[in-house]
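Beneath this line is the structure, given in structure tokens, with notes to follow.
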Amino acid sequence: MQLKSELIYREVLARIKEGFWKSGEQIFSERQLANLFGVSRVTVRNAISQLVGEGILEYHKGRSGTFVVGTAPFSPTSDAPVVGIALDNYTPAFASYLLEGLHDALWKHNIHTLYCNTHNNSEEVPKKIASFIEEGVVGLVYSPLLCTESHTYDEEVFALAKGAGLPLVQLDRCVSGAPFSCVQCDNSRAMYEMMGRLGNAGVTHPLVLTGIDTSSTKERVAGIDRWAGEQNHRYDVLRLDEPAYYGDGTVRLLGEEPQWGQYDAIVGVNQVLSKAAVHLKNLHTLSVLTAGINASPLEVNNDYSVIQPLYHIGYSTALLLIQHMHVPTTPRTSIWVQASQWPNGMTLR
């Protein structure tokens with residue numbers, strides 16, 4: 001069996017070769033990597049030290065953290081099938097947990113991967129997918145884009161996959177009507193359950209923060225709406241300029257300033273907006289509960305949170321893609337993976 005440090009070495013190196021971390025970029029901290037892979041920081045440190053010794057990573061004097069020096073592009077062996085993966089590194093922990101699940105399932109079947117980070121690079125994504133196809137990938141994992149022109153670019157990607165006769169599985173987000181399978185969190189149910197817990201804590205009139213329109217955020221709002229309808233409670237929606245908040249912490253409202261004192265909770269419908277909920281609570285000195293979405297318990301800064309089953313989503317996506325590859329007649333399939341609640345335990349009325 002491989003030592004744990006060797007496994008971490010392989011995982012970090014794969015992310016660098018795939019382009020998840022590019023030359024000059026900082027990788028995750030030892031604490032983040034230890035949490036991601038479920039090992040000790042000593043184990044992580046041993047793996048990182050090996051990569052530093054090989055000249056792939058380096059420590060910068062005067063700067064905390066570890067940075068990528070550079071590496072040759074990934075060239076799979078001729079007898080190893082390759083799958084192309086395109087997803088956004090919008091919040092790094094989100095993408096890395098998904099990749100962990102994807103890698104575990106694909107590598108068990110001796111399938112290699114090529115990675116494309118779609119964040120802030122939307123117009124280049126169809127070109128990257130086309131290059132994957134030219135390199136001979138046998139399948140695609142694709143997370144629909146986060147941008148105003150996403151529909152146009154998504155359709156280009158779908159057309160490329162269809163034209164090449166390649167199986168494609170949508171990951172985490174889903175374009176309605178697309179002729180491809182999808183694996184995602186059971187977003188509506190997860191948010192409905194979290195709102196039930198907030199209701200048990202006395203919440204009757206929450207403020208819901210939204211930003212970029214995606215299928216997952218719409219499903220989460222639908223879960224809130226279901227809870228509010230059943231309990232006969234009110235909720236208001238406030239849309240933020242999510243990219244601005246993600247970029248530099250600027251709170252820019254895309255609507256009228258609300259009357260803050262009327263709310264008893266602020267709920268973010270994704271990881272970025274979950275942080276914004278805490279920001280707004282502190283900014284306006286509100287005595288309210290905050291709730292949101294996170295990738296792991298270590299990243300929670302809200303009173304209540306949905307912990308997305310990202311590893312399991314990635315793993316299930318890879319298995320479904322393999323099924324499509326081996327049995328091309330497999331029908332379009334939708335899989336919803338159940339999330340967990342934080343703090344542990346759940347009580348509904």
Tell me, do Leu166 and Leu168 make a side-chain contact under 4.5 Å, heavy atoms counted?
-> no
Val68 and Lys22, any side-chain heavy atoms less than 4.5 Å apart | no
For the residue pair Asn294 and Asn302, establish whether any side-chain heavy-atom pair is separated by less than 4.5 Å.
-> yes
Side chain to side chain donor-acceptor pair (under 3.5 Å) between Ser274 and Asn301: does it pass, once the steps are laid out?
-> CA-CA 8 Å; Ser274 299; Asn301 58 2; over 6 Å; no
Step by step, would you call Gln308 with Tyr97 a side chain to side chain donor-acceptor pair (under 3.5 Å)?
-> CA-CA 10 Å; Gln308 299 178 92; Tyr97 280 111; over 6 Å; no
Worked verdict on Ser215 versus Arg173 for side chain to side chain donor-acceptor pair (under 3.5 Å) | CA-CA 6 Å; Ser215 61; Arg173 298 184 287 270; over 6 Å; no
Can you establish whether the number of heavy atoms outside Asn232 located under 6.0 Å from its atom CG is more than 12?
-> no
Within a reach of under 6.0 Å around NE2 of His205, are more than 12 heavy atoms found that belong to other residues, nucleotides or ligands?
-> yes
Salt bridge (Lys or Arg N to Asp or Glu O under 4.0 Å): which pairs involve residues 123-134, sequence neighbours left out?
-> Glu124-Lys127
Evaluate the salt bridge (charged side-chain N to carboxylate O under 4.0 Å, His left out) criterion for residues Lys275 and Glu299: first the C-alpha distance (whole Å), next the side-chain angles of each, then the deciding distance (0.1 Å), finally the verdict.
-> CA-CA 10 Å; Lys275 294 180 180 179; Glu299 297 184 318; over 6 Å; no
Sequence neighbours excluded and cut-off under 3.5 Å, please list the side-chain donor-acceptor pairs for residues 36-44, or say none.
residue	atom	partner	partner atom	Å
Ser40	OG	Thr43	N	3.2
Ser40	OG	Thr43	OG1	3.0

Output field: ring centroids His119/Tyr246 closer than 6.0 Å = yes
Side-chain ion pair, Arg197 and Glu193, N-O less than 4.0 Å = no
